[in-house]
Amino acid sequence: MERWTNDDGVQKLFEVFTASQRLILNSIDRQQMRFTKYQLYLMMTLARRDTLTMSQAASCIGCSKEQATRLVAALVEEGYVERRYRQENRKLVLIHLTDKGEQVMGQERDMAKEKLKAEIDCLDEEDKEIFFQTLRGLAGVLKKLEAHQEERYAMTSSCCGRDK
């Protein structure tokens, strides 16, 4: 069995990310899409995570807090996202999808799923089995890495006085 290093793993993670991103984005009707790519990423994350702070939102989509604020402002204006403030800390802004945002994301996800299923159907049975087994394992490991990263971020943020 070939021995991999952490560098090999990181390289493959970038490859998987790029390929996954391309497959997902190509499964969305870009002509009909009402969002920028980063707004879509944010709404996909909110659909999965329910509520985010602005710092978490920025981290999830890989941009600055200021850029995330502008993205969110446009989504709030269109009625897809809502801001909430914590009673004990009015500076801490929490964002979540509105009913309208959830409905739109459900429609986008359903359309993308159908297109992706058609792509997967092009694989032979052996490749499908490899694909599904790999995704099951990868999803579990990525959740662990994500949880570890969030714990580390939470500790760093609380030490530095940033919001979680």
Side-chain angles (χ1 to χ4, degrees), residues 1-65 67-68 71-72 75 80-81 94-158 162-164:
M1 185 171 157
E2 182 183 351
R3 190 96 168 118
W4 274 35
T5 66
N6 286 355
D7 285 341
D8 296 327
V10 169
Q11 179 60 38
K12 285 298 176 197
L13 184 60
F14 277 106
E15 290 174 26
V16 167
F17 171 75
T18 304
S20 298
Q21 180 184 34
R22 204 171 32 253
L23 279 169
I24 291 168
L25 288 177
N26 287 339
S27 70
I28 294 169
D29 185 355
R30 291 202 147 128
Q31 301 298 325
Q32 298 296 322
M33 193 168 73
R34 22 192 122 138
F35 312 109
T36 68
K37 181 169 54 171
Y38 291 107
Q39 286 173 328
L40 180 65
Y41 291 159
L42 179 59
M43 290 183 66
M44 289 169 74
T45 302
L46 283 169
R48 195 182 72 150
R49 301 261 311 265
D50 191 41
T51 301
L52 295 170
T53 65
M54 290 305 296
S55 293
Q56 290 169 329
S59 177
C60 287
I61 60 175
C63 70
S64 71
K65 208 168 156 182
Q67 289 170 307
L71 289 172
V72 168
L75 292 170
Y80 298 114
V81 172
L94 301 173
I95 58 170
H96 70 96
L97 290 178
T98 61
D99 289 342
K100 179 181 177 181
E102 286 179 17
Q103 181 182 4
V104 167
M105 287 311 298
Q107 291 168 349
E108 294 286 343
R109 186 175 39 249
D110 290 346
M111 288 188 300
K113 276 182 178 179
E114 291 307 312
K115 289 180 182 177
L116 288 169
K117 283 194 252 183
E119 295 293 336
I120 292 168
D121 278 342
C122 292
L123 299 173
D124 63 36
E125 289 306 312
E126 183 180 346
D127 284 343
K128 280 183 191 178
E129 187 59 33
I130 292 168
F131 178 71
F132 294 135
Q133 283 182 359
T134 302
L135 282 181
R136 272 191 285 279
L138 183 61
V141 171
L142 287 175
K143 284 180 184 178
K144 289 178 186 177
L145 287 171
E146 188 178 34
H148 175 72
Q149 191 177 55
E150 286 178 5
E151 285 174 18
R152 230 183 18 183
Y153 177 76
M155 286 190 300
T156 303
S157 296
S158 63
R162 295 186 205 132
D163 67 303
K164 295 179 193 172

Tell me every residue that passes side-chain hydrogen bond (donor to acceptor under 3.5 Å, both in side chains) with Gln103, counting only those two or more places apart in sequence or in another chain.
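Partners of Gln103 by the side-chain hydrogen bond (donor to acceptor under 3.5 Å, both in side chains) criterion come out as none, since no residue qualifies.
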
Taking everything shown except [X] itself, do over 12 heavy atoms lie less than 6.0 Å from its [atom1]?
X: Asn6; atom1: CG; answer: no
X: Asp99; atom1: CG; answer: no
X: Glu126; atom1: CD; answer: no
X: Lys113; atom1: NZ; answer: no

Heavy-atom donor-acceptor pair, Thr53 side chain to Leu94 backbone, under 3.5 Å:
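Side chain of Thr53 to backbone of Leu94, a donor-acceptor pair under 3.5 Å: no, none is there.
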
Treating Asp110 as the side-chain partner and Gln107 as the backbone partner, does any N or O pair qualify as donor plus acceptor under 3.5 Å?
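No; zero donor-acceptor contacts below 3.5 Å.
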
What's the separation between atom [atom1] in [X] and atom [atom2] in [Y], rounded to the nearest 0.5 Å?
X: Leu13; Y: Thr18; atom1: CG; atom2: OG1; answer: 9.0 Å
X: Cys122; Y: Asp127; atom1: SG; atom2: CG; answer: 11.5 Å
X: Leu52; Y: Leu97; atom1: CG; atom2: CG; answer: 9.0 Å
X: Met44; Y: Leu46; atom1: CE; atom2: CG; answer: 11.5 Å
X: Ile120; Y: Phe131; atom1: CD1; atom2: CZ; answer: 4.0 Å

Can you list the steps and then say if Gln56 with Arg49 is a side-chain contact (heavy atoms from CB on, under 4.5 Å)?
CA-CA 11 Å; Gln56 290 169 329; Arg49 301 261 311 265; 4.0 Å; yes

Given the rule in the side-chain contact (heavy atoms from CB on, under 4.5 Å) test, do Glu125 and Lys128 qualify, once you have shown the distances and angles that lead to the verdict?
CA-CA 5 Å; Glu125 289 306 312; Lys128 280 183 191 178; 3.5 Å; yes

Step-by-step side-chain contact (heavy atoms from CB on, under 4.5 Å) determination, Trp4 to Lys12:
CA-CA 11 Å; Trp4 274 35; Lys12 285 298 176 197; 3.0 Å; yes

Check Glu108 against Ile28 and note the closest heavy-atom contact, atom names and distance.
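Looking at all heavy atoms of both residues, the closest pair is OE1-CG2, 3.6 Å.
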
Taking the six-membered ring where the residue is Trp, are the ring centres of Tyr41 and Tyr38 under 6.0 Å apart?
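Distance test on ring centres: under 6.0 Å, yes.
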
Can you confirm whether Glu119 sits close enough to Lys115 that some side-chain heavy atom of one is under 4.5 Å from a side-chain heavy atom of the other?
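No. Closest side-chain heavy atoms not under 4.5 Å.
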
Could you go through residues 132-147 and list every donor-acceptor pair under 3.5 Å that involves a side-chain atom there, pairing it with any protein atom two or more places apart or in another chain?
residue : atom : partner : partner atom : Å
Gln133  : NE2  : Glu129  : OE2          : 3.0
Thr134  : OG1  : Ile130  : O            : 2.7
Glu146  : OE2  : Arg48   : NH2          : 3.0

What verdict does the side-chain contact (heavy atoms from CB on, under 4.5 Å) test give for Ile95 and Leu75, after you've listed the backbone C-alpha separation in whole Å, the side-chain angles of each residue and the deciding distance to 0.1 Å?
CA-CA 10 Å; Ile95 58 170; Leu75 292 170; over 6 Å; no

